[in-house]
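Counting starts at 1 for both ligands and their atoms, following the listed order. Small disclaimer: the values here were computed from a predicted structure and weren't measured.
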Amino acid sequence: MSRREGRDSDSRQNRVPLKAFGPFFKLGCASVNQSSRTWLETTCSSSIIAPNRIVLKAFKAMKAIGISENKAKPVLQKLLKLYEKNWKLIEEENYRALADASFEEEDAKVSEQKKAKIVEQGENFEKEPLADVEPLRPLKRLRRGQEVPATPSRSNSSPVSGASLLRRPKLKEGELPSTSMQQQSQDKTKALQLSTGNVGADTPCLTYNGKEPVLPIIAFTENSCISERASHGVLIRGPTVGPLYEVSIAVIHPGSLGIRDSSAGNVSMDQPVGQEPHPSQHISGEYRSSEAQASLTERSSNCELANVPEGSHSSLEIASSTLGEVRISLTCNSAVGSPNFHKPTLDELIELMEQRGLRSYKITDPNFSVMNVMKDVCECYWEMATNSSHESQERVSVMASLDLLRKSTAQDALLFGGSEENICMSSSMNAVVCACVRQSGKYVYSSEGLLEKEFLDECISMTQDPQQQCLLNCRCCPLEISRNEGIIEPCKAFFTPDGKGWGLRTPEKLQKVAFVCEYVGEIVTVTELYERNTKNHNCPVLLDPYWASKGVPKDEEALCLEATCYGNVARFLNHRCFDANLIEIPVEIESPEHHYYHLAFFTTRDVDAFEELIWDYGIDFDDHDHLSNAFQCRCGSKFFRNMKNLYLSIDSVEEGQAKILA
Ligand SMILES: C[S@@+](CC[C@H](N)C(=O)[O-])C[C@H]1O[C@@H](n2cnc3c(N)ncnc32)[C@H](O)[C@@H]1O
């Protein structure tokens with residue numbers, strides 16, 4: 001298994017398997033299929049239920065949480081019809097669906113009553129003197145088509161011209177004031193506890209006096225706290241009275257999670273059955289790396305707005321795959337017209353879901369996090385989109401992956417010390433820092449993230465004619481030129497006069513920075529290298545620069561180049577301490593991940609004709625544990641590192657020279 005594969009499988013293992021969270025997504029905060037999405041709208045006849053033991057058991061369970069048989073019965077009928085009499089679904093989680101649906105039903109009734117009352121009282125309120133009017137923060141924006149009011153600062157008490165003013169409600173004794181943002185945030189915390197059914201006896205409960213819409217505060221019911229419910233559902237209340245507001249719902253944008261884009265996904269409000277969603281309610285995913293950096297708070301505040309039409313929708317769909325196989329949605333009780341509606345922030349929502357996950361589903365994994373789950377979900381349908389034969393999905397996923405590739409390679413190349421204009425993109429998988437992009441290199445992707453036609457044609461012809469393989473690489477790189485035009489030819493092996501065995505030289509004078517040749521050899525693991533136990537080692541070169549930086553280096557994983565048995569002329573290059581006339585430079589050709597590279601030799605200074613070509617092996621001659629101890633250095637450099645063998649070395653050099661002269 002390659003190093004890359006190894007890492008991928010590791011990360012897969014660390015992933016929380018999605019199916020483990022099945023129930024978590026299915027109820028309360030998420031639904032998984034079309035039928036459950038619209039179950040509240042379904043009607044059915046009462047003849048479905050027979051008063052048998054199973055039914056009585058359901059009623060008993062409802063009674064235990066304060067729902068009378070009379071109330072539970074019609075709801076159960078609907079559910080049975082919807083679930084096609086599948087009792088298993090109804091019995092799940094101690095009749096969770098039935099409980100939730102009963103509450104919804106009840107809320108809807110209360111809402112109707114409240115609605116009438118609020119309208120009536122609102123009319124009276126209009127007649128009160130303006131002196132008492134305190135400006136309140138208007139909801140974010142009025143509905144499309146209405147004028148958008150300027151947003152007054154909360155500290156500024158003077159009303160902003162043209163803004164619609166909302167009134168602060170008068171609080172009854174014992175009620176929580178909501179005059180400061182801090183107070184609101186405390187309220188939110190409490191409200192969050194409330195909505196998960198986790199409330200202490202002394203938990204205050206904000207009530208509504210029925211006069212005006214109040215400051216947005218997270219989900220409270222009017223007369224009773226949500227805590228009275230046994231339900232654990234995430235509840236977002238939308239306004240059902242007064243003007244229709246466009247409020248920001250905590251939409252989790254897959255692309256803003258810093259992960260691969262769930263390109264096929266949509267974010268939309270539920271629509272009544274049979275109705276197409278309005279295009280404005282869809283937010284198509286598009287990966288933006290800058291968004292990926294954004295904090296959670298920023299992300300939530302950047303969310304696009306979704307319409308919450310009056311008196312409708314029990315479910316807010318956060319994300320879905322195009323074909324609807326996967327859906328994540330929030331239960332949204334907009335049937336109850338609570339002017340106390342407060343848009344939950346993403347953090348609040350996550351906290352709530354985590355509490356829910358930990359409590360209701362007894363998740364014991366300390367690393368459980370909703371964001372991880374979301375990430376998994378998005379990754380899952382990313383994969384679905386990638387594998388799907390659906391044309392648009394394919395196109396989107398290809399675009400996204402190219403975009404990712406482009407960004408990551410460009411960023412990596414910059415990390416490698418290049419500048420943007422120096423990034424060579426003349427290969428589909430390549431982003432190397434080199435000057436050739438200035439001469440002929442072009443960016444191979446169009447602005448839409450699609451491959452340039454010319455490049456595509458080139459790739460196709462290369463596939464059809466393997467002889468053209470080299471076209472994939474950057475044809476202006478010295479390495480490619482040398483392959484095609486044979487720069488290596490002038491280098492000749494010769495027997496050195498100073499006891500180093502064979503060496504390499506060129507009959508031509510070489511300019512400084514000239515490319516000389518590539519180091520070619522067998523690719524073996526470090527373990528294999530040691531196992532070979534080659535006595536007369538050529539200098540093995542480690543090919544993975546991150547080998548040691550990834551924790552404990554593993555010899556069986558790290559790859560290196562070994563030229564003892566197979567290689568090119570570079571195998572005759574001898575070592576010189578420090579001031580060698582060649583330098584080895586790693587060059588990326590095919591690898592997009594910067595782990596493996598080719599090794600190219602360039603001159604560090606002008607080199608005379610027939611001067612030996614030498615490079616610094618970079619070995620530590622005092623390190624007796626390693627292969628470097630295999631020979632005694634005779635380079636004769638004044639920066640000689642093999643001090644222990646200094647005299648031996650000089651003797652040998654002189655001896656060798658004497659031999660040659662003779
Ligand atoms: C890559 S090979 C170079 C070609 C080698 N001289 C030959 O005849 O095949 C490396 C080997 O050359 C010898 N060698 C290279 N540089 C040397 C140096 N500075 N002093 C002594 N021996 C050297 C060592 O035996 C070393 O293991």
Side-chain angles (χ1 to χ4, degrees), residues 482 488-507 510 515-524 526 528-543 559-586 597-605 607-608 610-661:
S482 74
I488 286 175
E489 279 310 308
C491 295
K492 300 278 185 213
F494 75 108
F495 197 80
T496 60
D498 44 11
K500 295 182 292 195
W502 292 95
L504 197 67
R505 64 185 179 185
T506 167
L510 296 174
F515 170 72
V516 176
C517 64
E518 182 185 351
Y519 191 87
V520 173
E522 281 182 277
I523 299 176
V524 294
V526 172
E528 283 167 343
L529 185 78
Y530 278 90
E531 280 167 3
R532 288 183 175 193
N533 198 20
T534 315
K535 284 273 181 271
N536 186 22
H537 276 289
N538 280 274
C539 188
V541 178
L542 195 63
L543 284 177
L559 296 180
C560 59
L561 266 185
E562 217 269 285
T564 306
C565 301
Y566 298 96
N568 64 351
V569 285
R571 67 199 286 198
F572 295 114
L573 285 171
N574 285 319
H575 160 83
R576 182 171 174 95
C577 294
F578 197 72
D579 59 349
N581 54 20
L582 296 185
I583 185 169
E584 77 281 12
I585 295 187
Y597 47 82
H598 291 244
L599 209 64
F601 289 105
F602 293 83
T603 51
T604 57
R605 56 172 169 80
V607 178
D608 288 333
F610 296 106
E611 186 182 340
E612 183 180 1
L613 295 165
I614 35 188
W615 64 297
D616 187 342
Y617 289 0
I619 51 183
D620 177 3
F621 289 99
D622 294 328
D623 181 358
H624 298 284
D625 297 333
H626 288 94
L627 302 170
S628 57
N629 205 29
F631 68 91
Q632 290 166 350
C633 183
R634 296 161 199 265
C635 73
S637 163
K638 62 180 173 190
F639 305 104
F640 188 58
R641 290 200 292 263
N642 196 188
M643 297 310 284
K644 282 180 192 155
N645 296 313
L646 180 61
Y647 298 107
L648 173 68
S649 174
I650 289 171
D651 288 349
S652 310
V653 170
E654 284 169 355
E655 197 180 297
Q657 278 169 346
K659 257 189 206 168
I660 295 277
L661 287 174

Trp502, any N or O under 3.5 Å of ligand 1 N or O
yes
Decide whether an N or O pair under 3.5 Å exists between Arg571 and ligand 1.
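In this structure, Arg571 places no N or O atom under 3.5 Å from an N or O of ligand 1.
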So which bit of Leu573 gets within less than 4.0 Å of ligand 1, heavy atoms only: side chain, backbone, both or neither?
backbone
Check contact between Gln632 and ligand 1, using heavy atoms of the residue and a distance below 4.0 angstrom.
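A heavy atom of Gln632 does come that close to ligand 1.
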Sub-4.0 Å heavy-atom approach of Tyr617 to ligand 1
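Flag set, Tyr617 near ligand 1.
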Gap separating the [atom1] atom of [X] from the [atom2] atom of [Y], nearest 0.5 angstrom:
X	Y	atom1	atom2	value
Lys500	Cys633	NZ	SG	8.0 Å
Cys517	Phe601	SG	CZ	6.0 Å
Asn568	Cys491	CG	SG	9.5 Å

Heavy atoms, side chains only, cut-off 4.5 Å: are Leu561 and Ile523 in contact?
yes
Is there a side-chain contact between Leu582 and Thr603 (heavy atoms, below 4.5 Å)?
yes
Return yes when atom CZ of Phe494 has more than 12 non-hydrogen atoms of other residues, nucleotides or ligands closer than 6.0 Å, and no otherwise.
yes
Please list, in number order, the atoms of ligand 1 under 4.0 Å from a heavy atom of Asn574.
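What qualifies from ligand 1 is 3 (C), 4 (C), 5 (C), 6 (N), 12 (O), 13 (C), 14 (N), 15 (C), 16 (N).
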List every atom of ligand 1 that sits less than 4.0 Å from any heavy atom of Cys633, numbering the atoms from 1 in the order shown and giving each element.
19 (N), 20 (N)
